[in-house]
Trainee: 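To start, I am sharing the structure in question, which I have written as structure tokens.
Here the structure is a predicted model, which is why all the values come from computation and not from measurement. Values below: all heavy atoms of this structure, side chains included; hydrogens, waters and symmetry mates excluded.
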Amino acid sequence: MKTFASIEEAFQWWLTNIYPSLPAEVKKGKLTYAWRDFTYNRGISQARMKEILSEYGEIEVQTLIKYSPK
């Protein structure tokens, strides 16, 4: 299991390590658009990234907030 600081970091890892090994017929359509949108900063929502990540593995998002009063 890998851990990441953000959805964007996890998606970047997925694009670098998993996406290239997918068959060409799988890369067509929404994955190509997602790759292009992320790579060229065209805008991709976290919901879209989470949807794609969950199709190819387990994803668990945890939010950690620490607050120390003065």
Side-chain angles (χ1 to χ4, degrees):
M1 174 191 286
K2 296 198 59 72
T3 57
F4 304 97
S6 67
I7 294 292
E8 290 81 6
E9 186 181 319
F11 195 71
Q12 175 65 51
W13 180 88
W14 183 85
L15 285 175
T16 305
N17 295 286
I18 305 297
Y19 181 77
S21 65
L22 296 175
E25 59 272 2
V26 174
K27 291 183 188 179
K28 294 180 182 177
K30 76 176 186 176
L31 293 183
T32 300
Y33 294 128
W35 171 81
R36 190 176 301 144
D37 291 346
F38 187 85
T39 303
Y40 297 108
N41 295 319
R42 292 182 171 174
I44 179 171
S45 69
Q46 286 190 355
R48 194 165 142 211
M49 287 186 264
K50 285 195 276 188
E51 178 185 326
I52 291 169
L53 288 171
S54 67
E55 287 181 26
Y56 294 92
E58 299 275 331
I59 181 170
E60 179 183 343
V61 178
Q62 298 177 351
T63 302
L64 176 64
I65 300 170
K66 292 184 179 182
Y67 174 74
S68 299
K70 294 180 181 179

Trainee: Could I get the full list of ring-ring contact (aromatic ring centres under 6.0 Å, His included) partners for Phe38, not counting sequence neighbours?
Mentor: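 Checked Phe38 against ring-ring contact (aromatic ring centres under 6.0 Å, His included); matches are Phe11.
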Trainee: Roughly how far, to the nearest 0.5 Å, is CG of Leu31 from CD1 of Ile18?
Mentor: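 So the CD1 of Ile18 and the CG of Leu31 are separated by 12.0 Å.
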Trainee: Which residue pairs pass the salt bridge (Lys or Arg N to Asp or Glu O under 4.0 Å) test with at least one member in residues 2-24, sequence neighbours excluded?
Mentor: none
Trainee: List the residues meeting ring-ring contact (aromatic ring centres under 6.0 Å, His included) with Tyr33, not counting sequence neighbours, and say none if there are none.
Mentor: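 Applying ring-ring contact (aromatic ring centres under 6.0 Å, His included) to Tyr33 gives none.
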Trainee: Can you tell me how far the OG1 atom of Thr39 sits from the CD1 atom of Ile44, to the nearest 0.5 Å?
Mentor: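 Interatomic distance, Thr39 OG1 to Ile44 CD1, rounded to 0.5 Å: 9.0 Å.
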Trainee: Under 3.5 Å, sequence neighbours excluded: what are the donor-acceptor pairs made by side chains of residues 22-29?
Mentor:
unit_1	atom_1	unit_2	atom_2	d
Lys27	NZ	Pro20	O	3.2

Trainee: Let me have the donor-acceptor pairs involving side chains of residues 57-68, under 3.5 Å, with sequence neighbours excluded, atom names and distances please.
Mentor:
unit_1	atom_1	unit_2	atom_2	d
Glu60	OE2	Gln62	NE2	2.6

Trainee: On the 0 to 90° scale, with breaks at 30° and 60°, tag the Trp35-Tyr40 ring pair as parallel, tilted or perpendicular.
Mentor: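 Aromatic pair Trp35/Tyr40 classed perpendicular.
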Trainee: Measuring from Gln12:CD to Ser6:OG, what's the distance to the nearest 0.5 Å?
Mentor: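 Answer for the CD-OG pair, Gln12 versus Ser6, is 10.0 Å.
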Trainee: Residues two or more places apart in sequence or in another chain: which of them pass salt bridge (Lys or Arg N to Asp or Glu O under 4.0 Å) with Glu51?
Mentor: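 With neighbours one apart ignored, the set is Lys30.
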